Enquirer: 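One structure, as structure tokens, below. Some questions next.
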Amino acid sequence: MTDITVRLNGSDRALAAGSTVAAAVATLTTTRAGVAVAVDGVIVPRTQWPSTVLTDGAEVEVLTAVQGG
């Protein structure tokens with residue numbers, strides 16, 4: 001299986017070709033609440049994470065809401 005390299009939260013990360021946004025998020029956190037994802041600057045709705053396949057060189061930002069005072 002071929003790997004692709006994506007820029008995940010500012011760091012290069014090798015993922016298996018055909019990896020989805022959901023798989024990329026799972027490498028960072030098991031939390032689903034309060035998580036937002038953008039691929040190449042475009043927000044990906046949570047319902048599309050399992051079907052959005054990442055391409056080599058994609059810029060992925062995973063943002064987690066933090067509550068506090």
Side-chain angles (χ1 to χ4, degrees):
M1 180 176 272
T2 305
D3 284 344
I4 60 171
T5 301
V6 299
R7 191 109 178 127
L8 186 57
N9 282 9
S11 298
D12 287 340
R13 175 90 49 113
L15 298 174
S19 290
T20 63
V21 168
V25 170
T27 68
L28 295 178
T29 182
T30 57
T31 301
R32 294 293 178 262
V35 177
V37 177
V39 176
D40 294 329
V42 178
I43 298 293
V44 179
R46 181 182 314 273
T47 57
Q48 295 179 10
W49 292 5
S51 62
T52 302
V53 176
L54 297 172
T55 57
D56 193 46
E59 298 269 343
V60 182
E61 294 293 328
V62 178
L63 307 170
T64 304
V66 176
Q67 188 174 16

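Nothing here was measured: the structure is a model prediction, and the numbers come from that model.
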Enquirer: Yes or no on side-chain contact (heavy atoms from CB on, under 4.5 Å) for Leu15 and Thr27, after CA distance, side-chain angles and deciding distance?
Expert: CA-CA 10 Å; Leu15 298 174; Thr27 68; 4.3 Å; yes
Enquirer: Is there a side-chain contact (heavy atoms from CB on, under 4.5 Å) between Val60 and Val21? Walk through the geometry before answering.
Expert: CA-CA 8 Å; Val60 182; Val21 168; 5.7 Å; no
Enquirer: Enter the distance from Leu63:CG to Asn9:CG here, rounded to the nearest 0.5 Å.
Expert: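 Taking CG in Leu63 and CG in Asn9, the distance rounds to 7.0 Å.
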Enquirer: So which of Val6, Leu8, Asp40 actually passes side chain to side chain contact (heavy atoms under 4.5 Å, CB included) with Glu59?
Expert: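 Only match with Glu59 under side chain to side chain contact (heavy atoms under 4.5 Å, CB included): Asp40.
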Enquirer: Taking the side chain as every heavy atom from C-beta outward, state whether Arg13 and Thr5 have any pair of such atoms under 4.5 Å apart.
Expert: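 Counting from C-beta outward, Arg13 and Thr5 never come under 4.5 Å.
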Enquirer: Restricting to non-hydrogen atoms, name the atom on Thr20 and the atom on Pro50 that form the minimum distance, rounded to 0.1 Å.
Expert: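 Closest pair (atom of Thr20, atom of Pro50, distance): CG2-O, 3.3 Å.
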Enquirer: Could you tell me which non-hydrogen atom of Val25 sits nearest to which non-hydrogen atom of Val35, and how far apart they are?
Expert: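 So the two residues come closest at CG1-CG1, 4.4 Å.
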Enquirer: Using every non-hydrogen atom in the two residues, find where Gly41 and Ala38 come nearest and quote the distance to one decimal.
Expert: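 For Gly41 versus Ala38, the nearest heavy atoms are C-CB, 4.4 Å.
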Enquirer: Could you go through the side-chain contact (heavy atoms from CB on, under 4.5 Å) check for Val39 and Gln48 one step at a time?
Expert: CA-CA 12 Å; Val39 176; Gln48 295 179 10; over 6 Å; no
Enquirer: Given the rule in the side-chain contact (heavy atoms from CB on, under 4.5 Å) test, do Thr55 and Ile4 qualify, once you have shown the distances and angles that lead to the verdict?
Expert: CA-CA 7 Å; Thr55 57; Ile4 60 171; 5.9 Å; no
